[in-house]
Amino acid sequence: KLKTVDLLINGAGILDDNQIERTIAVNFTGTVNTTTAIMDFWDKRKGGPGGVLANICSVTGFNSIYQVPVYSASKAAALSFTSSLSRLAHITGVTVYSINPGITKTTLVHKFNSWLNVEPRVAELLLEFPTQTTEQCAQNFVKAIEANQ
């Protein structure tokens, strides 16, 4: 129905290090697949209109959480992929951002499985750090995109 898409906020995530393949498939491969699909549509070299892509990665891409190394690695891979694409904007006409939220109050952080059950209280421990609501997180996304940073 829509003739064009101007902005894609691309993010799906699971946090269950006991499901290694699924974690990588959702957190990294899903990001890659959605990104490549929209890039085919937007790429100016193919007659596309350009666009803005915001891939939701995570601060764990910079600082891994040792209790969930598969999750952390999948988000680091998404961050690296996104960073690479951001450097191609002058060629593709697509502005690409990584959104790297810290701990956000979602169902994701209330209960999840640590790798090899090395820390059964990891969710509880994470919530001892400063957190943000999903609304605060969304408002920060908008501010970052509007500031072009």
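Here the side chain of T34 pairs a donor or acceptor atom with the backbone of G30 at under 3.5 angstrom. In this structure, D17 contributes its side chain and V70 its backbone to a donor-acceptor pair below 3.5 Å. Panel note: side chain E146, backbone K143; no donor-acceptor pair is recorded below 3.5 Å. Counting only distance, with no hydrogens or angles, the side chain of S83 and the backbone of S80 share no donor-acceptor pair below 3.5 Å.
Pairing each heavy atom of D40 with each of K46, the nearest pair is OD1-NZ, 3.0 Å. Heavy-atom minimum distance, V5 versus F41: N-CE2, 4.0 Å. When all heavy atoms of N100 and F62 are compared, the closest pair comes out as CG-CE1, 3.6 Å.
Inter-residue side-chain proximity for L88 and V94 is flagged as unmet; no heavy-atom pair is nearer than 4.5 Å. By the 4.5 Å heavy-atom criterion applied to side chains, K44 and T92 are not counted as neighbours. Put simply, the side chain of E21 does not reach to within 4.5 Å of the side chain of I24, judged on heavy atoms. A 4.5 Å side-chain heavy-atom check between Y97 and N55 finds every atom pair outside the cut-off. Using a 4.5 Å heavy-atom cutoff, the side chains of N140 and Q132 are in contact. Inter-residue side-chain proximity for S58 and Y71 is flagged as met; some heavy-atom pair is nearer than 4.5 Å. With a 4.5 Å cut-off on side-chain heavy atoms, L15 and V68 count as touching. Side-chain contact between D6 and T4 is present, with heavy atoms from C-beta onward closer than 4.5 Å.
None of N27, T23, T60 except one satisfies the side-chain hydrogen bond (donor to acceptor under 3.5 Å, both in side chains) rule with S74; the exception is N27. Screening T82, T31, N10 for a side chain to side chain contact (heavy atoms under 4.5 Å, CB included) involving C57 leaves a single residue, T82.
In the hydrophobic cluster analysis, where Ile, Leu, Val, Met, Phe, Trp and Tyr join through side-chain heavy atoms closer than 4.5 angstrom, L7 is grouped together with I56. There is no path of hydrophobic side-chain contacts, each under 4.5 Å, that joins I9 to V59. Following chains of ILVMFWY side-chain contacts shorter than 4.5 Å, one cannot reach L79 starting from L8, and the two form parts of different hydrophobic clusters.
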> Does the side-chain contact (heavy atoms from CB on, under 4.5 Å) test come out yes or no for D16 and R22, once each step is laid out?
Replying inline: CA-CA 9 Å; D16 186 345; R22 184 168 180 251; 5.7 Å; no
